[in-house]
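If you read the sequence from its start, that first residue is 1, and numbering goes on from there. Because only heavy atoms are used, hydrogens play no part in the values below, and waters and symmetry mates are left out as well, while side chains stay in. Every value quoted in this text rests on a predicted model; they were computed, and no experiment measured them.
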Amino acid sequence: MWENINCCLLAAEIVLLIVGVFYLIGKKTVIRTFLYVGLVFLMTLTVYVVPLYYADFTAEKGVEILVGFFTGIGHTVKQFMGESETEKVYSYAEEFPLYSWVFSLSAVMAIVTTGYATVSIFRRRFFNDIARAGRLKKDYCDIFVGCGEKAVSYAKRSKNVVLLVDEATEKESVVALVDDGCVVMRGKLSPKFLKSRWFKKTKRYNIILSGETENLHIDLATVLQCVSAVYKIKNIHFYLEIDERVAEIVQQQIDAKQKADNVSYREYITLFSLNELVARKFVEENPVTKYMPYDFFEKDTSVKADAKIKVLMVGFGARSKELYKKFVINNQLAVWKNGEYHVFPIDYSIYDAAVEQKEWGIDGLRHALEKLGTAEGEYFPMPELPYNTECFQENLYDMDSIGKVCEKLKQERGFTYIIIDTGDVYRNIEISNNFNLLLNNGKNYRIFMYSNFEMFSENEIICYGNTDLLLTHDVIINESLLSLAKTINKEYLKQYLDPEGKLTDDELDAENKKDWRKASYFNMYSNISLATSLRVKLNSLGLDYVKKSGETASQTSLIEESYGTYDERARSYENYFTSSRRNAMLAQEHFRWNAYHLLNGYLPMKKSRIIVRKTGANNDEVKRVIKNNDTKKHSALTTFNGLNCLSEYIANKANELFASKDFSAKDFDYYKNDELLINVAGRFVEDNNYRIEKNNSSLSGGEKN
């Protein structure tokens with residue numbers, strides 16, 4: 001019997017050893033560590049108890065179970081401390097040689113487990129402290145405030161991140177974060193904390209606050225207080241997540257505080273919104289031009305008048321509203337009609353039981369432009385409505401309602417974007433599959449389904465909106481589109497500050513940095529919107545940009561081949577009004593600019609409000625003011641040909657001021673602004689490791705006319 005017990009003990013130890021190996025290579029947590037220590041302790045106790053019971057049994061003293069059990073516990077505790085009780089063990093091992101292997105293996109496991117458990121308890125804090133100190137000493141470190149899902153996601157998807165948790169956070173939560181691979185530091189965000197020895201003046205620290213809207217004012221007040229206290233002594237920048245609907249108001253609050261304190265808060269505070277990032281990423285990656293059939297385009301890259309493009313949105317929450325707004329702005333296309341370029345009408349259909357066309361001003365803009373248009377002669381030609389939108393107060397959940405919509409889509413010759421975001425990812429899946437099934441896998445549509453986690457991505461169903469992919473250092477801190485927006489801003493400044501090219505590139509960079517810091521939220525995002533539209537313009541030319549692999553060439557020459565070199569484009573002012581690739585691109589950009597302003601509350605300004613006066617050291621230059629940002633009015637909000645009416649109006653006013661000069665519309669050329677993005681596209685591609693290639697995503701394939 002005793003030999004069988006020894007065999008069972010040895011087998012149990014081997015199993016426990018194998019379990020320990022899998023534990024070491026698996027995910028190690030505090031609970032698992034103590035569980036394994038407990039199992040080894042029970043195993044060691046059993047190994048000690050057996051010889052005690054055998055000695056009493058052979059001496060015919062009777063088996064005293066409790067005494068033997070507690071004696072075994074004492075011996076086991078000593079064993080875990082490295083001290084073995086060997087008297088009865090030796091006697092038992094002489095009787096049963098197999099037991100010597102059992103006891104030896106048990107002793108080794110007890111000592112190793114004790115050592116490992118001790119290290120495990122202290123190593124978390126030790127290694128966490130070492131990692132924290134190392135990351136804070138690198139050239140930059142991202143410090144994410146909080147320990148929620150967003151914080152952990154950011155830490156796992158970005159390099160050199162430290163999570164800042166409040167001192168009131170439970171110890172178990174901190175231990176769980178460290179076990180999950182995060183580096184943690186305790187503290188409360190405050191000027192005193194940021195002035196501590198942890199933050200070196202020569203290093204850059206990016207502090208990210210991602211909270212709920214109701215905490216916005218608390219976070220903003222804390223951030224302003226911190227910037228005011230440390231901006232002169234530390235290189236610390238703040239990234240504050242907000243609701244995009246209040247972004248402009250928050251920016252105004254920062255500007256007011258900046259003016260009152262004479263502190264450049266804008267240089268150290270960046271606002272971002274996950275809904276805005278989701279929408280921006282979507283429209284940048286998936287413009288309608290990316291999938292449109294090539295035969296929808298004319299030779300000049302405008303869209304054929306008989307083409308039909310439809311966007312169908314199922315669900316219209318806050319995220320979808322932001323996506324709709326950006327989609328309308330980004331996808332402004334041009335059509336040549338009646339001898340001039342017009343907005344190509346894209347039809348939008350919105351399905352949501354809670355939405356009304358009057359609710360948020362879809363009809364309001366149409367009515368406002370119609371009213372202004374009745375004031376004959378007071379305005380330049382009214383800009384065209386940037387959308388054709390119809391709202392349906394119904395949910396497309398069942399097969400019957402979806403089937404009716406699909407029947408209409410089948411009858412139309414065109415291309416349809418179907419964007420689904422009901423707020424319920426499982427319902428999104430169901431609706432997406434139903435659309436795909438009822439449209440019979442046709443080739444004249446694309447389905448886009450919102451999902452905040454990785455899922456399937458079929459040919460006709462594309463998932464979008466995974467915020468885990470957006471909440472990263474590359475997107476929040478080093479966004480490539482932001483660099484393009486700043487480059488565009490520099491080109492604007494070059495036109496107006498240095499038309500003769502006297503400033504060096506470094507001097508222009510300094511001016512651009514200064515201008516960007518004081519730019520309004522509206523103007524800053526105007527440039528970002530322009531940068532986002534680069535793919536639309538390239539797609540219209542039959543091109544696209546993709547990330548480079550290896551040492552492949554950027555192939556920026558393809559842009560010039562499709563569009564023409566800058567010298568070739570420098571033609572007479574009158575050529576703006578002919579049908580050509582250049583002019584179709586200019587019209588397309590002007591319509592995008594119109595849409596951005598109109599959807600952000602701007603309206604056309606009366607001619608009588610335009611200011612034209614003398615300026616310059618010798619009063620020999622013309623100063624013109626064609627906008628009023630306080631009242632949100634802009635004279636350039638007009639048709640493509642209407643820009644020429646604006647230029648002619650200013651030229652006539654200037655001639656009234658300078659009798660000796662003969663100004664014409666070409667002296668006040670507003671069309672050249674619409675070409676800036678194409679001019680800097682090659683630089684953007686090379687600076688951000690992209691390459692230009694011919695666009696082969698078209699559903700119809702073949703070559704563009």
Side-chain angles (χ1 to χ4, degrees), residues 282-313 323-349 365 383-389 412-417 419 444-446 448 529-544 562-563 576-599 637-643 671 674-675 677-678 681 695 697-700 704-705:
F282 182 95
V283 300
E284 189 263 334
E285 292 184 348
N286 301 291
V288 292
T289 50
K290 184 174 182 178
Y291 302 106
M292 277 169 54
Y294 282 152
D295 60 7
F296 274 33
F297 291 95
E298 299 283 6
K299 291 181 179 180
D300 66 348
T301 74
S302 65
V303 183
K304 291 181 178 179
D306 63 345
K308 290 185 179 179
I309 302 175
K310 191 177 185 67
V311 177
L312 191 151
M313 300 187 73
L323 176 56
Y324 166 83
K325 180 179 176 181
K326 277 192 164 46
F327 202 84
V328 168
I329 293 170
N330 196 62
N331 291 288
Q332 290 295 308
L333 305 176
V335 59
W336 180 260
K337 189 168 55 177
N338 300 325
E340 62 181 278
Y341 284 109
H342 294 270
V343 171
F344 175 81
I346 294 179
D347 295 323
Y348 293 84
S349 297
L365 179 57
E384 297 165 274
L385 199 68
Y387 51 72
N388 286 335
T389 302
E412 298 175 354
R413 177 193 174 277
F415 176 71
T416 302
Y417 256 48
I419 303 173
N444 64 334
Y445 69 92
R446 277 287 187 275
F448 299 88
S529 173
L530 174 55
T532 306
S533 71
L534 177 58
R535 179 169 262 128
V536 174
K537 293 169 175 60
L538 291 178
N539 289 167
S540 298
L541 294 169
L543 306 173
D544 203 351
S562 298
Y563 185 62
Y576 284 127
F577 312 109
T578 60
S579 173
S580 69
R581 284 198 163 196
R582 177 199 189 193
N583 295 337
M585 290 284 100
L586 296 181
Q588 187 187 94
E589 169 51 27
H590 180 62
F591 299 148
R592 185 212 61 81
W593 183 91
N594 277 354
Y596 178 79
H597 281 72
L598 291 170
L599 269 68
L637 280 169
T638 182
T639 62
F640 183 69
N641 281 27
L643 284 177
Y671 293 104
D674 295 327
E675 204 164 24
L677 181 58
I678 289 292
N695 180 23
S697 298
S698 171
L699 300 179
S700 63
K704 186 175 291 188
N705 293 333

Nearest heavy-atom neighbours spanning Ile419 and Val311 |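 So the minimum-distance heavy-atom pair works out to CD1-CG1, 4.1 Å.
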Which pair of non-hydrogen atoms, one from Ala334 and one from Ala587, has the smallest distance, and what is that distance?
->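 Closest approach of Ala334 to Ala587, heavy atoms only: CB-CB, 4.1 Å.
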Look up atom [atom1] in [X] and atom [atom2] in [Y], then write down how far apart they are to the nearest 0.5 Å.
X      : Y      : atom1 : atom2 : result
Tyr324 : Leu599 : OH    : CG    : 6.5 Å
Ser529 : His597 : OG    : NE2   : 10.0 Å
Thr639 : Glu340 : OG1   : CD    : 6.0 Å
Tyr387 : Lys325 : OH    : NZ    : 11.5 Å
His342 : Glu384 : NE2   : CD    : 6.0 Å
Ile329 : Asn594 : CD1   : CG    : 11.0 Å

Evaluate the criterion side chain to side chain contact (heavy atoms under 4.5 Å, CB included) for residue pair Gln588 and Thr289; output intermediate values, then yes/no.
-> CA-CA 12 Å; Gln588 187 187 94; Thr289 50; 5.5 Å; no
Report the relative orientation of the aromatic rings in [X] and [Y]; use parallel for angles under 30°, tilted for 30 to 60°, perpendicular for over 60°.
X      : Y      : result
Phe415 : Tyr417 : perpendicular
Phe448 : Phe282 : perpendicular
Phe577 : Tyr671 : perpendicular

Begin with the C-alpha distance, continue with both residues' side-chain angles, and end with the deciding distance and a verdict on side chain to side chain contact (heavy atoms under 4.5 Å, CB included) for Val288 and Leu333.
-> CA-CA 10 Å; Val288 292; Leu333 305 176; 4.1 Å; yes
Any non-hydrogen side-chain atom of [X] less than 4.5 Å from a side-chain atom of [Y]?
X      : Y      : result
Phe297 : Ser540 : yes
Met585 : Leu677 : no
Asn444 : Thr416 : no
Val303 : Glu298 : no
Leu365 : Pro386 : yes
Leu586 : Phe640 : yes
Leu643 : Tyr576 : no

Can Gln332 and Tyr596 be said to form a side-chain hydrogen bond (donor to acceptor under 3.5 Å, both in side chains), step by step?
-> CA-CA 10 Å; Gln332 290 295 308; Tyr596 178 79; over 6 Å; no
Between [X] and [Y] (side chain of the first, backbone of the second, donor and acceptor by atom type, cut-off under 3.5 Å), is there such a pair?
X      : Y      : result
Arg535 : Pro287 : no
Asp347 : Lys310 : no
Arg582 : Tyr563 : no
Asn330 : Lys326 : no
Lys290 : Asn539 : no
Asn388 : Pro345 : no
Ser533 : Val536 : no
His590 : Thr638 : yes

Chi angles and distances behind the side-chain hydrogen bond (donor to acceptor under 3.5 Å, both in side chains) call for Asp300, Tyr341 = CA-CA 11 Å; Asp300 66 348; Tyr341 284 109; 2.6 Å; yes
Residue pair Leu530, Arg592: steps toward the side chain to side chain contact (heavy atoms under 4.5 Å, CB included) verdict = CA-CA 8 Å; Leu530 174 55; Arg592 185 212 61 81; 3.7 Å; yes
Derivation and outcome, side chain to side chain contact (heavy atoms under 4.5 Å, CB included), residues Ile346 and Phe327 | CA-CA 11 Å; Ile346 294 179; Phe327 202 84; 5.7 Å; no
